Amino acid sequence: MARIGTDINEAVELLKSGNVVAIPTETVYGLAANALNESAVKLIFSTKERPMTNPLIIHLPSLEAAQKYVQDLSPLAKKLASVFCPGPLTMVLPKKKIVPNTVTAGLPDVAIRIPNHPLTLSLLRNIDFPLAAPSANPFGYISPTTAQHVANQLGEKIPYILDGGLCQKGLESTIVSFQNNKVVVYRLGAIALEDLAEVVGVENLILDNLKLEKPLSPGMLPYHYSPHTPLHLTMNLENDILNYNLNKIGIITLNKVIKDVPTKHQIQLSKTNNLRIAGHLLYNAMHELDALALDAIFVEKMPDEGIGKTMNDRLKRAAYKRQQ
Ligand code: TXA
Ligand code: MG
């Protein structure tokens, strides 16, 4: 069983010797390995049971450190980075040869990110290689936002989990690439579209890739982020629960309380309707209710703005399998 702790030296030693280690970031926990060591990278894929066609993000301590792995940054990429790095921004950029093809699933581009978490930043400063790290969940399951979530899902398979507490953002990074001086958004994430638009102008954002099916970016599957319990995304909660045994369902809302459903099966994400707080707590709430072995989990659709858009994207994917 994985040890859980805050010992950076232990993490450094394991990573240097080609092992995987779970690391905290401000978005979700990652399952990290030396990005320059092919067999360590393969261990990430096998531990997660993730298809090798799904490329990994490499994590670095600074933009300067990134220069060794990507071709020159365009002025637009530098502008975004100056505002959002370190932070929940992942940039897909033409790679240098040193980045193994296993990391990028054979693509000519590599995704880079500078995570904003003190433990992981200090870990990254103590090694001389980048960390390839997908979210530390078994493929298709909800991403972990605490060390305990990682232990519950992958604890049997990994030696160490660096414990950085509950992730501050609670949703994965926003992924972008660049095309003809515009920003192509590959994945909605912890940076809201409105915040990107404020920096680069809404006319410079390309959003075509965000549809649920057939996205440009490999790995953006229509089903993902799913609990084991069937999850329903609903705009009409009171009505949709009518055919269920109300003692055996879980409810996640922004703020609403549902009469006749046990209080211990209900989670309100933000009493003040704050979508950032709601995003921070969403996966934690899904993990919590999934552990209760209920018949179903109903999640109220969030307002379609800011972080609410990201939450709805994840919830649609989490519910996808059940609509077939
Ligand atoms: O917040 C996050 O981004 C977390 C933390 C751990 O950093 N990581 C994460 O990784 O969410 P993962 O592997 O679960 O999702 C990364 C996604 C891939 O599924 C793929 O869609 C996209 O990033 N991606 C990675 N490399 C890419 C590339 N070269 N071209 C296009 N898309 C890429
Ligand atoms: Mg993931």
Side-chain angles (χ1 to χ4, degrees), residues 20-33 35 41 44-45 47-60 69-71 84-96 99-117 119-121 123-124 130-145 149-150 153-154 161-162 164 167-179 184-191 209-210 212 214-226 279-280 283 310 313-314 317-318:
V20 292
V21 170
I23 56 165
T25 80
E26 79 280 36
T27 59
V28 301
Y29 277 72
L31 184 64
V41 172
I44 296 178
F45 284 97
T47 306
K48 269 185 70 104
E49 294 177 43
R50 170 177 172 124
M52 302 263 305
T53 48
N54 193 347
L56 305 177
I57 299 172
I58 65 169
H59 298 71
L60 294 149
Y69 306 100
V70 296
Q71 310 290 340
F84 297 114
C85 295
L89 176 73
T90 294
M91 297 193 288
V92 175
L93 296 162
K95 80 177 188 79
K96 285 190 175 159
V99 180
N101 289 328
T102 326
V103 170
T104 63
L107 296 171
D109 295 336
V110 63
I112 63 161
R113 177 159 116 74
I114 300 155
N116 193 11
H117 190 290
L119 263 187
T120 291
L121 276 177
L123 169 65
L124 286 166
L131 291 178
S135 48
N137 49 299
F139 186 66
Y141 193 65
I142 317 165
S143 299
T145 54
H149 296 157
V150 182
Q153 300 167 30
L154 297 176
I161 302 169
L162 200 54
C167 297
Q168 190 213 339
K169 301 287 182 190
L171 294 164
E172 296 82 355
S173 61
T174 299
I175 304 181
V176 302
S177 98
F178 302 93
Q179 231 174 56
V184 187
V185 182
Y186 277 11
R187 179 175 74 181
L188 293 172
I191 298 172
N209 190 44
L210 294 173
L212 220 50
K214 296 203 177 61
L216 290 173
S217 173
M220 291 303 294
L221 301 172
Y223 54 91
H224 210 149
Y225 313 104
S226 318
H280 161 67
Y283 289 165
T310 304
D313 170 81
R314 300 303 191 268
R317 294 175 206 272

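A quick note: this is a predicted structure, and the numbers were derived from the prediction, not measured. Just so you know, ligand 1 is whichever comes first in the structure, and atom 1 is the first atom listed for that ligand.
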K.L.:
Does this structure show an ion pair linking Glu26 with Arg113, if we count only N-O contacts that are shorter than 4.0 Å?
P.N.:
yes
K.L.:
Is ligand 1 under 4.0 Å from a heavy atom in the side chain of Arg50, in the backbone, in both, or in neither?
P.N.:
side chain
K.L.:
Nearest non-hydrogen contact with atom 2 (C) of ligand 1 belongs to which option: Ser173, Cys167, Pro134, Ala105?
P.N.:
Ser173
K.L.:
Using modelled atom types and a 3.5 Å cut-off, is there a donor and acceptor pairing between side-chain atoms of Gln168 and backbone atoms of Thr27?
P.N.:
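No, because the side chain of Gln168 does not come within donor-acceptor range (under 3.5 Å) of the backbone of Thr27.
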K.L.:
Does any part of the side chain of Gln153, heavy atoms only, come nearer than 4.5 Å to the side chain of Pro138, both counted from C-beta?
P.N.:
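Of all side-chain heavy-atom pairs linking Gln153 with Pro138, at least one is under 4.5 Å.
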K.L.:
May I ask you to decide if the ring planes of Phe139 and His224 are parallel, tilted or perpendicular, using 30° and 60° as cut-offs?
P.N.:
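Because their plane-to-plane angle lies in the 30° to 60° range, the rings of Phe139 and His224 count as tilted.
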K.L.:
Measuring from Ser135:OG to Leu31:CG, what's the distance to the nearest 0.5 Å?
P.N.:
9.0 Å
K.L.:
With a 4.5 Å limit on heavy-atom distance, are the side chains of Thr104 and Asp109 in contact?
P.N.:
no
K.L.:
With a cut-off of 2.8 Å, does Ser135 put an N/O/S atom close enough to the Mg ion (ligand 2)?
P.N.:
yes
K.L.:
Measure the CG-CG distance between Leu123 and Leu131 for me, rounded to the nearest 0.5 Å.
P.N.:
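It comes to 5.5 Å.
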K.L.:
Report, in ascending order of atom number, the atoms of ligand 1 lying under 4.0 Å from any heavy atom of Ile57.
P.N.:
3 (O), 8 (N), 9 (C), 10 (O), 16 (C)
K.L.:
Say whether His59, considering both its backbone and side-chain N or O atoms, lies within less than 3.5 Å of an N or O atom on ligand 1.
P.N.:
yes
K.L.:
Measure from the side-chain N and O atoms of Thr174 to the backbone N and O of Ile191, and report whether any donor-acceptor pair falls under 3.5 Å.
P.N.:
yes
K.L.:
By number and element, which atoms of ligand 1 are closer than 4.0 Å to a non-hydrogen atom of Thr27?
P.N.:
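In order of number, 1 (O), 2 (C), 4 (C), 5 (C).
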K.L.:
Hey, is ligand 1 close enough to Lys48 that some N/O pair sits below 3.5 Å?
P.N.:
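Not met; the criterion fails.
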K.L.:
Could you walk me through whether Glu172 and Tyr283 pass the side-chain hydrogen bond (donor to acceptor under 3.5 Å, both in side chains) check?
P.N.:
CA-CA 10 Å; Glu172 296 82 355; Tyr283 289 165; 2.8 Å; yes
K.L.:
Does Ser135, backbone or side chain, put an N or O under 3.5 Å from an N or O of ligand 1?
P.N.:
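Ser135 vs ligand 1: N/O contact under 3.5 Å present.
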K.L.:
Does ligand 1 have an atom that lies less than 4.0 angstrom from a heavy atom of Thr104?
P.N.:
no
K.L.:
Is it the case that more than 12 heavy atoms not belonging to Gln71 sit under 6.0 Å from its CD atom?
P.N.:
yes
K.L.:
Show which atoms of ligand 1 fall inside a sub-4.0 Å distance from at least one heavy-atom site of Asp109.
P.N.:
29 (N)
K.L.:
Is there a donor-acceptor pair under 3.5 Å between the side chain of Thr120 and the backbone N or O of Pro24?
P.N.:
yes
K.L.:
Could you establish whether Arg187 and ligand 1 come within less than 4.0 Å of each other, counting only heavy atoms on the residue side?
P.N.:
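Under 4.0 Å: yes for Arg187.
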K.L.:
Considering the heavy atoms of Ala111, write down every atom of ligand 1 situated less than 4.0 Å from one of them.
P.N.:
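Going through ligand 1 atom by atom, the ones under 4.0 Å from Ala111 are 25 (C), 26 (N), 27 (C).
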K.L.:
Could you list the atoms of ligand 1 found under 4.0 angstrom from a heavy atom of Tyr186?
P.N.:
31 (C), 32 (N)
K.L.:
By number and element, which atoms of ligand 1 are closer than 4.0 Å to a non-hydrogen atom of Ile175?
P.N.:
17 (C), 22 (C), 23 (O)
K.L.:
Just jot down the ligand 1 atoms closer than 4.0 angstrom to any heavy atom of Asn54, in number order.
P.N.:
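Ligand 1 atoms under the 4.0 Å threshold to Asn54: 18 (C), 19 (O), 20 (C).
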K.L.:
Before signing off on this row, confirm whether Thr25 and ligand 1 have an N or O atom pair separated by under 3.5 Å.
P.N.:
no
K.L.:
Give the numbers and elements of all ligand 1 atoms closer than 4.0 Å to a heavy atom of Leu107.
P.N.:
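Once the distances to Leu107 are compared, the set is 28 (C), 29 (N), 30 (N).
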